[in-house]
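Scroll down for the structure; my scribbles are underneath it.
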Amino acid sequence: MFQRLTDRGDVDKEHIIELESGKAKLFFLKESKSDNALVRVKNLLLDSYEQRVQDN
């Protein structure tokens, strides 16, 4: 199940890097004292990779 990053509450919507071509955007997670952002990003990347491998 995928959810748009712009619809998620844990995404910083003020600081977005967009490529000049407009084909890609880089979003950042909001900082949280109760959560380790690097671990969450690693898990999101692994989940995304596993999903792509299963789809192929």
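Hydrogens, waters and symmetry mates play no part in the numbers below; they use all other heavy atoms, side chains included.
Checked against side chain to side chain contact (heavy atoms under 4.5 Å, CB included), V53 has the following partners two or more places apart in sequence or in another chain: Y49. Residues that satisfy the side chain to side chain donor-acceptor pair (under 3.5 Å) test with D47, not counting sequence neighbours, are absent from this structure.
Taking CZ of F27 as the start and NE2 of H15 as the end, the distance is 13.5 Å to the nearest 0.5 Å. To the nearest 0.5 angstrom, Q51 atom CD is 13.0 Å from L46 atom CG.
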Expected list for residues 16-23: side-chain donor-acceptor pairs under 3.5 angstrom, two or more places apart:
| from | atom 1 | to | atom 2 | distance (Å) |
| --- | --- | --- | --- | --- |
| S21 | OG | K23 | N | 3.3 |

